[in-house]
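Right, one structure below, let's go through it.
Heavy atoms only: backbone and side chains are in, while hydrogens, waters and symmetry mates are out.
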Amino acid sequence: MCPVDWIETLSAMGRANPFFERAGFTRVGVVRKNGCAKAGSYGSLYGSRRAWISADTVTKSRFSAPVYYVFDNRSRY
């Protein structure tokens, strides 16, 4: 019932739980970091805008690889 052509989502548990695939989404890929994340900034992740994060956040997310899903909603017409 969503009035947009494409619906996108990221799932941290995408590899363990096929929730979005069962809902009709197509798995596009896995978001991987380039390995240069440091405590203090994720500048390369967010483009030119500086986003400050803590060392604890970097440590907790170092193994994170969210799964990217897309749903083609054009058939709703």
Inset, instruction - Not counting sequence neighbours, list each pair that qualifies as a side chain to side chain donor-acceptor pair (under 3.5 Å) and has a residue in residues 7-16. - result: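 For residues 7-16: E8-Y68.
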
Legend entry - Partners passing ring pair (Phe, Tyr, Trp, His ring centres under 6.0 Å) against Y69 (at least two apart in sequence or in another chain):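 In terms of ring pair (Phe, Tyr, Trp, His ring centres under 6.0 Å), with neighbours along the sequence ignored, Y69 is linked to F20.
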
Inset, instruction - Using the test side chain to side chain donor-acceptor pair (under 3.5 Å), find all partners of D72 that sit at least two apart in sequence or belong to another chain. - result: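 For D72 the side chain to side chain donor-acceptor pair (under 3.5 Å) partners, ignoring immediate neighbours, are R74.
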
Legend entry - Shared hydrophobic cluster for M13 and V28 (ILVMFWY, side-chain gaps under 4.5 Å):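 No, because M13 and V28 fall into different hydrophobic clusters, even though each may have its own neighbours under 4.5 Å.
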
Legend entry - N73 and D5, any side-chain heavy atoms less than 4.5 Å apart: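 No, their side chains stay 4.5 Å or more apart.
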
Inset, instruction - Compare all side-chain heavy atoms of T26 with those of F71 and state whether any distance is below 4.5 angstrom. - result: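 Not in contact.
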
